[in-house]
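The block underneath contains the structure these notes are about, expressed in C-alpha cells.
Chain A is the first sequence line, chain B the second, and so forth, proteins listed ahead of strands; every chain is numbered from 1.
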Amino acid sequence: MATLTSDATQPLLAATGVRKVYRTGTVEVTALRDLDLTVLPGELVGVMGPSGSGKTTLLNCLSGLDDIDAGRVEVDGRDLFAMSDGERTEHRARAMGFVFQAFNLIPVFSAAENVELPLLLTGTAPREARARAVAMLERVGLGHRTTHRPSELSGGEQQRVTIARALVARPAVVWADEPTGNLDSTMAAQVMDLLHTLNRDEGQTIVLVTHDEAIGARLPRVIRMRDGRLVSDTRQPELQAAG
Amino acid sequence: MYPNLLLPLLGVLGAALLTLLLVAVRKPVVRRLALRQVARRRTEAALVVTGSVLGTAIIVGALVVGDTLNFSVRQEAYRTLGPVDERIVSTDPAAGRAIADRLQPLAADPDVDGVLTAEVAQAAAVNTHAAQPVAEPRVLAWQLDFDAAARFGAAGGPSGLAGPTPPPGQVVLNEPLARSLKTGVGRPVTLYLNGHAADFTVARVVPQQGLAGVGIGGRVNRNAFLPPGTLDAAGAGSTHAVTLVSNRGGVEAGERLTGPVTAGIRSALGPDAGRAAVDTPKHTVLAQADATGDALGALFLMIGSFSIIAGALLLVNIFVMLAEERKTQLGMLRAVGLKRAHLVGSFSIEGALYALAAALPGVAIGIAVGWGVAVAAAQIFRSWSVDGSGLDIAFAVTPTSLVNGAALGLVIALAAIAATSARISRFNVIAAVRDLPVESGRRPRRRLVAVCTALSLLCALAAVPALARSQAEQTYLLPALAVAFAVPAASRVMPRRAATSIAAALVLVWTLAASVIRPRVFDTPSMAVYVILGTLAAFSAVVLVSENQHAVLRPLRRLMNRPTQQGLATRLAAAYPLAKRFRTGSTMVMYTLIVLVLVLLTEISGIMNASIDQAAADATAGYTLRVDYNPQTAGPNPLTDLRTGQLARRIEAVAPLLQARGQATDPGHRTAEPLETAVVGVPDGATSGIAFRDRLPGLPDDKAVWNALATHPDYVVLDNFFGHTGGPSGKFYAPGDTLTLTDPVTGRAEPKTIAGVLTSGLAFYPGTGSSATVYPLVLGEQAVRTQFGPQAQTAAALVRTAPGTSPEDLAGRLQASHLSASMVATPIAADVHRLFAANTAFFRLMQGFLALGLLIGITGLGVVMVRAVRERRRTIGVLRALGCQAGTVERSFLWESGLVALEGTLLGAALGVLTTWLMYQKSSAFTGLDGGFPVEWAQIAVLAVLTLAASLLAAAGPARRAARIRPALAVRVSD
C-alpha cells in the first residue's frame, strides 16, 4: 500500500490546537475548540457526537477541505495549512479518499469514469486507470454496472461506487462522513462490512463520522465530541482484528 | 406588410394577465410562492428580465424603423405637395388655357379649396458669380400668379408660397435650388429657359414646403418661381400648363377626398380630357409612404424575428433550469396537495412579473435602437437615390408601435413561459421529492402516439397541394411538421434518440433541398418564408448535433482521456453538453440561428460585391453614359450635337431613347392598381448587346429578342423589378405573360406580351426627376410612336465613350456644354457601383440590428452558466475534494461555454453559407448577380472569433465563481 507513512508507530495525521470559527454576519460560532488528535496508520477511527458537535467540521479541517483559524494539522510530518491551495489539492488527490453521506458522484460520469477520476488526476495512464477502476468496482461487487451513470444505480450501489472511488488511488486515509446515513439497514450493513474488510485486510486508514451507536460499537477506536471539543477517545483493540 | 395586430394582441394580453391576476387573488399560496421565488434569486431575475428586455427592444426597434420610414415618406407629401392633391398637366401648350378655364368652376366645389394654374418648363441654371461657376441642369421654372399661389388651399394651412410677386428680372428660388447654386437673396443667377440664357436676381429663397417644393413627379424639385409673362417671353415651346387642385382640409385630410374630386375634374374636362393627364400625386405619395414604411418595417421585423426566437428560447431555457433546481420543493408542494395547474400558475405569475418588469425598459431601448437604425438608414438612403434626391429620414415614433411592440414582447414571453411551465410541471412526485432522475427510455404513451400520428398524416396530406403549388411557407413547414409529429410513433419501434436524429436529419435535408425540388418557392413577396427556412435549418441541425454529441466530440476523446488537469477540464467541459442535451441544444440554437442569418447577409453582400463588374457590364452593354435632356428647348438638337459636335470625337456611339409616360397592369398580378411606367422606345439594333435572363421560347438568343421587339409592336421587355415595392424580388412573371399598356393622356390601351426579362434594366430607368416607383418598359421605337403619338419624345440617349475617354470626365463636359438643354449625364457603371455600395451598407445595417440577437444568445449562455455553477456546487466540491485544482474547475466552465458557442457558431456559419448558396442557385432575387459565389472566409472568421470571445467573457464570471467554491461547504449543499 502506498501510504505516506511507512512506520506504523508514527502518526499518519497529527492535529494540534485546531480551532475553527464560523462567522455569519456578526455572529461567530466556534465549531472546533483547540482540538488535538492523532491517527495512526491502519486505524479505523469513528467520530461520534450529537448533532452540531463539530464532527463534520473536524473531518473537513483535518482533510484540508476547509481552512482552520488556529492550530496545525500535519500529514506525515507536513503541515497541511502551510501548503498553497494547489499543493493541498494535489495532496488530497494523492493521499486522501472521500466517502460522503449524499454519495456525491459526478452525475454526468459513468460509474467507471467516477472511479477512475482520482487516478487520472494523479497522472495514471487512461488505460491503466480504467482497468484499475473496473477492478475496484468488481471488488465492491459492481463489475456489471461500470457503464451505468449514478442516476441508474440504487443508493447502496452509488455508495459502493463512492467507496471504490475513495480507494482506487490507494490513499493514505479515507474520510467517510456518515457513509450509511442515506441507506437502509441492509445496505448500511453491507457498506460497513466493506469498510471493515478494507481496514482489516489492507490496513486502510479510515476516519468515519457517524451518529449511529450500532456502527460505533463495532469500531476499534471511537472519539466523541461535544461543542467542538474532543470529550473521549476510546480504543477497543480487539475489534481492530475482528472487524 | 405586417398586419396591425394591436387589438388582437391587447385582447390576448389582457386575457392572459387577467387570468394570472385572478389566480393570484384567489390562490394566495400560488401568489406567495411566485413572489418569494422572484425575491429569492435576484441575479437570475435580473438576467431573465434582461433577456425579455432585449426581445421587446428588438420588436419595438423594428416597428419604430417602420414608423420612421413611413413618416419620412409622408414628409415628402408635405414637402413637395403641401395643399396639392390633384395635378392636371396639358401636353399641348395650346390647350393649356382652355383646360385651365374648364377647371376654374371647380373652385366652387365644396370639396375643393383651391385651383391654381401655372406654366412650368424644364430649365437649367448657372451661378457664375460664385468662386467657381456652379451649374444645375435639373431646374423647374414656374410662371404663376403669386397672389393666387398664396391663397391656394389656404383654408387647410399655408400654401408654401406666400409673399409679393417679384418684379420683372427677379426670381424666387426654393431652398434646394439655392443650395445647389450656392446663391442667396440679392445675388444674380442665370436661367436657361427654352434654350435661351436670361439673367435674374434672387428676390427671396423659400423653404421647400408646399407649393415651393412642388414638382411634376420628382422627389426633390429645384424650383425657380417667375412672375407672369417671363416664360411666355422666353418662348412657349417647352412649357406645360399645369393646374393644381387643393382638396378641402389639411395636407393629409384633403387626400381622403381624392376620389370624388378626381371624378369632378374628369367631368369638368369634358372633351379636353384626352389632352390632359390627371394625377393624384398626394394619394400616390401617401400610399407609397405606407408601403415603404410597412415593407422596411417588415424587413427589420423579419430580421428581428430571429432574435425574438432567441429571446423566447432564453426564457424557455431559464425556466427549465429553474424547475430543475426547484424539483424537490415542487415535488413537496405537489405531495402536500398543490395541483399541477397551480404550479403552472405560480411559474406563469413569476414569469409575468419578469416580463412586465422588462416591458418599459424594452420599449425605451427599442426606441433607441430604432433611432440608431434610422440615423444609419438616412446615410444609406442619401446615397441610394438616382439624382441625389434620396429620402430624407425624419425620426418618428407612433404610440401604436410602442404599444404593439410592448404587447407583442409580453405575449411572446408569456406564451413561452406558459408552455414551458406546462411542460415542467409534469413530473413524478416521488421522484421529485427524492431527487431521483427522470425515468429515461420510457416509450411514449399510446394516446400521444395516436394524436401525433394523426397530426403527422394531416400535415403530410396538406403538404401535397402546397408543394404542387410551390406555396412558400407551407412547402417548408408542412413536411417538416409531418416528420416531427411522426417521432413519437417512431420511438415505439426504435430508440428515441435514433428516431429524433432521423427526424432532424430529414427536416434538415428537406429545408436545404426544398428550393431545389420546388425552384419557385422563393417567388413570394412575403419574408416569412426566410424566417421559417432559417428556423427549421437551425433547429434541425442543432437537434441532430445535440443528439449525437458523442460522435461529434469523438476527435476530443484523446484530449479528454489525458491524465492531467487539462484532460479533466476537457472531460468536464464535454460531459455536461453530452448529458444535458435539451439545455445545451436550446442554448446552441440561439447561436446557430443568429449566426446563420448574419453569415447569410455577409454572403449576400459578398455575392453582390463579386458581381459589381458583371452587373455594370450587363446594365450598360458597352454604353457608359446615359444622358437625359429637355428635347423641347430651342437651339441645336443635343442628339445631333453628340454625334457631330465638339465632343463627338470622345463618343463612339449614341443610342437615342424615345420616352413617354405610360401606365401598365401588373403582369405578376400583385396589384390591380395601374403601375406608373417609363415607356422607352429603342431603335432597331442599338441595344442588342443588353442581355436577357429569360427569353420567349423560340427566340434563341438576346439579339433575337431585340429583333422581335423591333418587328412586333406587341412585344415588350422589362426587368425583374417591374412592379416591385420592396422586400426580396421573386419571379412573378415570365416571357409570354401579358400586360396592358395605356397612354394616360389619350387613354389608348394595348395588350403587350413579354418577350424577354432583362438581366439588368438599369440603363432604362429615368435619369432625372422621377419618383422611386416608375418602372421602365422597353418597346420598339415604332411601337412607342404608334401608341403614344406626340407624347413620345426623344429625351434621353445611351452614349458609348471612345476608348481612352473617362465617362465621368465626359459627363461633366456634356452637362456644361448642354446646360441650356438641361442635360444630365449619368455614368452608368458609377451608378451601379454606388447602388451596390448602398445595398452593402444596408446589409451592414441589418447585420447590426441582428447582432442584438447575438447579444441575447451570449446573455443566454451567461445565464446558463450562472445557473450551472449553482446547480453543480456539490459536484464542484467533490471534484475539489478529490484533487481537482481551482483553475481546472474554472477552465472546465470556460471550455464548456466555448464548446457550446463554437458548435453553435460553426453550425450557423455552415448553414448560412449553404443556405445562401442554394438561394443563389435557385432564387430569382439573385438574378443579374453573376460574379460567382464567394465564401467570405475572413468576415465569417472574424464573426466566429468575436462571438467566441464574447461568449467566453460572458462565462468568465460564473467560471471564476465556480473556482472559488469552498469544497467543505459545497459537498454538503442541498440547494
Practice task
Would you indicate whether the side-chain heavy atoms of B:Tyr576 and A:Pro107 approach each other to under 4.5 Å?
Solution key: yes
Exercise for the section: Over all heavy atoms of both residues, which pair between B:Ala881 and A:Phe98 is shortest? Give the atoms and the distance, please. Expected result: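 Heavy atoms of B:Ala881 and A:Phe98 come nearest at O-CE1, 3.2 Å.
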Flag if over 12 foreign heavy atoms under 6.0 Å of [atom1], [X]:
X	atom1	result
A:His148	NE2	yes
A:Arg132	CZ	yes
A:Arg226	CZ	no
A:Asp184	CG	yes

[atom1] of [X] to [atom2] of [Y]: how many Å apart, nearest 0.5 Å?
X	Y	atom1	atom2	result
A:Thr89	B:Gln885	OG1	CD	4.5 Å
A:Ile106	B:Arg872	CD1	CZ	10.5 Å
A:Phe103	B:Arg874	CZ	CZ	10.0 Å
A:Leu121	B:Leu568	CG	CG	5.0 Å

Exercise for the section: Against chain A, work out which of B:Thr875, B:Leu572, B:Leu578, B:Thr564 has the most heavy-atom pairs shorter than 4.5 Å and name it. Expected result: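 Of the candidates given, the most pairs with chain A belong to B:Thr875.
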Completion exercise
Given B:Cys884, B:Gly887, B:Gly877, the one with more heavy-atom pairs under 4.5 angstrom with chain A than any other is B:Cys884
Handout entry: side-chain hydrogen bond (donor to acceptor under 3.5 Å, both in side chains): pairs with one or both residues in residues 115-127 of chain A, sequence neighbours excluded
Key =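 Qualifying pairs, neighbours excluded: A:Glu116-A:Arg130, A:Glu116-B:Arg571.
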Problem - Portion of A:Arg88 that has a non-hydrogen atom of chain B nearer than 4.5 angstrom - result: neither
Exercise for the section: Sort A:Ala125 into side chain, backbone, both or neither according to what part of it lies under 4.5 angstrom from a heavy atom of chain B. Expected result: backbone
Exercise for the section: Using modelled atom types only, decide if a donor and an acceptor are shared between the side chain of A:Arg92 and the backbone of B:Leu882 within a distance under 3.5 Å. Expected result: no
Practice task
Answer yes when A:Asp85 and B:Arg966 have at least one side-chain N-carboxylate O distance shorter than 4.0 Å, and no when they do not.
Solution key: no
Practice task
Using the side-chain contact (heavy atoms from CB on, under 4.5 Å) rule, take B:Val878 and A:Phe100 through it: C-alpha gap first, then chi angles, then the decisive distance, then the call.
Solution key: CA-CA 9 Å; B:Val878 175; A:Phe100 300 104; 4.2 Å; yes
